[in-house]
Every structure is written in C-alpha cells, then in structure tokens.
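Input: a single structure, listed below in structure tokens.
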Amino acid sequence: MIVSNFVSIITTARNAEVYIMETLMSVYKQTFSEYEHIIIDDGSTDQTPFLVENFKLHHPDSKIKLIKTEGIGRGKALNLGVSKATGNWIAVIDADDLWHPDKLQIQMEACSAHDWDVLGTAGTLFTDSEVLQMGQPTRQSKIGKVSQSTLLKSN
C-alpha cells in the first residue's frame, strides 16, 4: 500500500472570533507542511470570516481555503469540507482547539511506519483561565482493532 502523506485539515466555525486566530496559528506552525486547511464558516454573524481572511492576507503561505455557508450545521459543514478535500488523510481541528506544533509530523510518521488507515489520538481539556503548557508529545502506539459497536459507544 502506497501511503500519501498529504493531509486535508478541516475546521468548522460559527461565531468563533474569540479563539479562531489561535487555532489558525496552531495549524500554521505545524512542522509537517504537506497539508491544506479547509475552513467552513457556517453562517457566522461575528468577525470570524473577516479574521480568517485577514490571517490569509498576513500569512499568504497559510494554505487556507475558506468556504462560507449559511448555517447548515456542523455535520453537514464537516461533510462539505471532506467533499472539498484533496488529501488522502483528513484531520479535524475545531475552531477553539490548539495543536502541538509536531502533531501532524508525529501522526504521519506513525501512520507510515505501521501502514495504518486510521489514527486516533488523545487530547487535553483546558479552559481559557488556565495557562496551557504544551509538553513534548509521546510517540506511544497502541495497535488494536476497533469494532463499529465499540466506536459507537465511545471514541
């Protein structure tokens, strides 16, 4: 199996002006550069689309593709993003999330090394009242089959 490492990152956003710039920067600072960043603005009434366009203007190499919709809902917005994706891999980052700069690099190395088709990772919940200290990510792997019934119960 040939593994292509191009990743389509999908972000859905609706009235996300408070956090969207941090999310965009967290993707922009990835050490892995084989990606596109598809942002679906799902009918924001705040400054979210303006902030995304402004980020693109100041970071012309940001690989952002902004698609605007009129409030189709998160599920349909994600599906729209997938339909526009050109990568062989899909990664989702919510409009209020942050990634470690090495996240994609480590994940793509793991997928290539193990010939994986799917990869799930852990996260850390934080609030904006906390100071977030990102430590070094671990490169642990736990290989196992996940049944559909197990996936429906938890992920």
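Just the heavy atoms: all of them, side chains too, but no hydrogens, waters or symmetry mates, feed the values below. Counting begins at 1 with the first residue of the sequence. The shown structure was predicted, so the numbers you read here are calculated from the model rather than taken from an experiment.
The main-chain N or O of L104 is found under 3.5 Å from a side-chain atom of Q30 such that the two form a donor-acceptor pair. S8 contributes no side-chain N or O that, together with a main-chain N or O of A85, makes up a donor-acceptor pair within less than 3.5 Å. Formation of a donor-acceptor pair under 3.5 Å by the Y35 side chain with backbone atoms of N5 is not found in this model. Without hydrogens or angle criteria, D94 side chain to D96 main chain gives no donor-acceptor distance under 3.5 Å.
N54 is not listed as a side-chain neighbour of K56, based on a closest heavy-atom distance of 4.5 Å or more. Using a 4.5 Å heavy-atom cutoff, the side chains of T86 and E36 are in contact. Side-chain atoms of T12 and R14, non-hydrogen and from C-beta on, never get closer than 4.5 Å to each other. In this structure, the side chains of S62 and H37 stay at 4.5 Å or more apart for every pair of heavy atoms.
Residue I20 is grouped with residue I64 when hydrophobic side chains (ILVMFWY) are merged at heavy-atom distances under 4.5 angstrom, including chains of intermediate members. By the criterion of side-chain heavy atoms lying less than 4.5 angstrom apart, applied directly or through intervening Ile, Leu, Val, Met, Phe, Trp or Tyr residues, F50 is grouped together with L24 in one hydrophobic cluster.
Judged as a side chain to side chain donor-acceptor pair (under 3.5 Å), not a single pair has a partner in residues 75-84 (not counting sequence neighbours).
At least one test fails for K103 against the ring of F32: distance under 6.0 Å to the centre or angle within 45° of the axis.
No hydrogens or angles considered: a donor-acceptor pair under 3.5 Å links the side chains of T31 and D102. A donor-acceptor pair shorter than 3.5 Å can be found between the side chains of D61 and Y28.
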Which is it for I40 and T11 under the side-chain contact (heavy atoms from CB on, under 4.5 Å) test, yes or no, and what are the steps along the way? CA-CA 6 Å; I40 311 297; T11 302; over 6 Å; no
Using the rule given for side-chain contact (heavy atoms from CB on, under 4.5 Å), can you reason through I72 versus D42, listing the C-alpha separation, both sets of side-chain angles and the distance that settles it, and then say yes or no? CA-CA 6 Å; I72 60 177; D42 194 25; 3.4 Å; yes
Under the criterion side-chain contact (heavy atoms from CB on, under 4.5 Å), I'd like the reasoning laid out for I67 against I38: C-alpha separation, chi angles, the key distance, then a yes or no. CA-CA 7 Å; I67 300 169; I38 301 168; 4.0 Å; yes
Could you give me the CA-CA distance, side-chain angles and deciding distance for I93 and T23, then say whether side-chain contact (heavy atoms from CB on, under 4.5 Å) is met? CA-CA 8 Å; I93 182 170; T23 302; 3.8 Å; yes
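Partners of E17 according to the salt bridge (Lys or Arg N to Asp or Glu O under 4.0 Å) rule, which considers only residues two or more places apart in sequence or in another chain, do not exist here.
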